[in-house]
Amino acid sequence: MVIIAHVDLDSFFASCERVRDPELMDKGIVICMYSGRGDDAGAVSTAGYNARDLGIGAAMPIKQAKHIAADADIDVAFLPADKAYYKDVSARVMQIIAEDITEVEVASVDEAYVDLSDCETFDAAAEQVERIRGRIREDEGLTASAGIGPNKLIAKMASDENKPDGQTVVRPESVEQFLADRPVDDLYGVGAKTADQLDDIGITTIDELAATPVQHLVSVFGDTRGVALHDKAHGRGAETLEQREKKQLSRITTLPQDTRSMSDIRPVIRDLAADVLRRVTSHGVHFGSVSAIVITADRETRTRSTTLPAPTQSEETLYQTAERLVTAFLEEHPDLAVRRVGVRTGAFTDEKQARLGEF
Ligand code: TTP
Ligand code: MG
């Protein structure tokens with residue numbers, strides 16, 4: 001059975017700003033993309049949920065949002081988008097998601113699909129997703145919402161169902177009911193233009209679309225779009241994730257407590273190295289580089305990397321190299337304690353290439 005989850009962070013850019021400045025917690029937050037064409041020219045990138053309650057939302061002109069905020073009974077902060085910062089946070093969140101899961105498709109800066117078919121039941125998958133969301137909250141102070149379904153389409157739509165900080169399971173037998181009364185443009189990938197065209201032929205809801213013979217849709221929209229609309233309306237979507245070729249394999253874990261003691265950290269690196277090596281060998285590759293990832297108590301991520309003399313599959317080499325990198329890091333930073341530690345391999349060559357390299 002295929003089980004796919006879609007995880008999407010809540011009001012992502014705005015929430016990142018709240019993490020950085022807790023004084024924003026009770027204020028409305030509006031993140032702005034200034035166009036540079038004069039004072040308030042530009043559009044809203046996203047708004048925190050309390051600002052959304054006022055009617056402010058993505059793509060609204062900043063001027064209009066300020067107008068609304070002026071009459072509001074909460075304080076609203078307008079902040080410029082700091083994309084470099086959001087990208088850093090995003091990378092760490094994606095690491096958390098990928099920690100125990102082999103198949104992850106990062107779909108945008110704040111959303112990822114994960115294949116949870118190995119969980120075997122929707123209940124077990126839901127628990128796994130709860131754990132992932134818990135770790136994101138604990139480590140980054142961000143809430144995420146999630147949808148769990150039999151394919152990407154349903155998972156994506158389900159993740160919007162209980163936002164913010166909620167998750168929704170749609171089992172295969174409930175897909176039809178989940179879709180039925182919604183407007184057609186609730187279907188992911190059906191925009192306003194298609195919705196208008198459907199409206200012209202008397203179709204406004206997903207169940208009406210599902211009941212329309214596919215030939216009719218093909219005659220209006222052509223083969224590809226007609227069939228795609230028919231499939232979507234029946235809740236059919238992709239069951240496999242699009243994964244870029246693995247360029248790196250890594251594992252990170254949180255230590256029981258912040259520490260600078262290598263006698264605490266060594267056994268953890270041992271376990272991580274063993275785990276990463278299992279994945280390296282299952283991919284049939286040799287690694288040519290090793291990195292140690294250290295997330296310090298101040299939640300900064302720092303990475304130390306080294307290139308090996310030759311690609312290898314040696315667990316001992318992986319362990320010792322990572323151990324050496326972390327030791328060197330601690331010596332360089334006598335004031336920093338380690339909160340999370342990770343081991344990463346990269347610069348892969350396949351076995352045949354590696355054997356040639358031995359001569
Ligand atoms: P979304 O996930 O669409 O929105 P969101 O995370 O802010 O809110 P939600 O809780 O509904 O998921 O987009 C992720 C980020 O991408 C968002 O925080 C800001 C950015 N973005 C824009 O800059 N412009 C836009 O029009 C949209 C939709 C998003
Ligand atoms: Mg989001």
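What's counted below: heavy atoms across the whole structure, side chains too, no hydrogens, waters or symmetry copies. The residues of the chain are indexed from 1 along the displayed sequence. All ligand and atom numbering here is 1-based and tracks the order in the structure.
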Using 2.8 Å as a strict upper limit, say whether an N, O or S atom of [X] approaches the Mg ion (ligand 2) that closely.
X	answer
Leu9	yes
Asp10	no
Glu111	no

Thinking salt bridges, do [X] and [Y] make one under a 4.0 Å N-O criterion?
X	Y	result
Asp275	Arg251	yes
Glu111	Lys156	yes
Glu332	Arg304	yes
Asp139	Arg299	no
Lys63	Asp39	no

When Thr205, Ile203, Asp207 are each screened for side chain to side chain contact (heavy atoms under 4.5 Å, CB included) with Val184, the one that passes is Ile203
Can you list the ligand 1 atoms lying under 4.0 Å from a non-hydrogen atom of [X]?
X	value
Asp8	2 (O), 12 (O)
Ser11	5 (P), 6 (O), 7 (O), 8 (O), 9 (P), 10 (O)
Tyr49	9 (P), 10 (O), 11 (O)

Out of curiosity, is [X] lining ligand 1, as in a heavy atom under 4.0 Å away?
X	answer
Arg52	yes
Tyr86	no
Met33	yes

Nearest protein heavy-atom contact for atom 26 (O) of ligand 1: which residue, which atom, what distance?
Ala58 CB, 3.7 Å
Considering non-hydrogen atoms of the protein only, which is the closest contact for atom 22 (C) of ligand 1, and what is the distance?
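Here the nearest protein heavy atom works out to Ser45 O, 3.3 Å.
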Leu9 N/O under 3.5 Å from ligand 1 N/O
yes
Below the 3.5 angstrom mark, is there an N/O of Phe12, backbone or side chain, next to an N/O of ligand 1?
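Yes; at least one N/O pair falls below 3.5 Å.
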Among the N/O/S atoms of Asp8, the Mg ion (ligand 2) lies closest to OD1
Taking just the N, O or S atoms of Asp110, which one is nearest to the Mg ion (ligand 2)?
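Checking each N, O and S atom of Asp110, the shortest distance to the Mg ion (ligand 2) belongs to OD2.
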Rounded at 0.5 Å granularity, tell me how far CE in Met94 sits from CG in Asp110.
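Reported value, rounded in 0.5 Å steps: 6.5 Å.
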Interatomic distance, Gln320 atom CD to Ile269 atom CD1 [nearest 0.5 angstrom]:
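Nearest 0.5 Å value for the CD-CD1 distance: 11.5 Å.
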Could you check if a side-chain atom of Ile62 sits within less than 4.5 angstrom of a side-chain atom of Met33, using non-hydrogen atoms only?
no
If you take the centroid of each ring, where Trp contributes its six-membered ring, are Tyr86 and Phe13 closer together than 6.0 Å?
yes
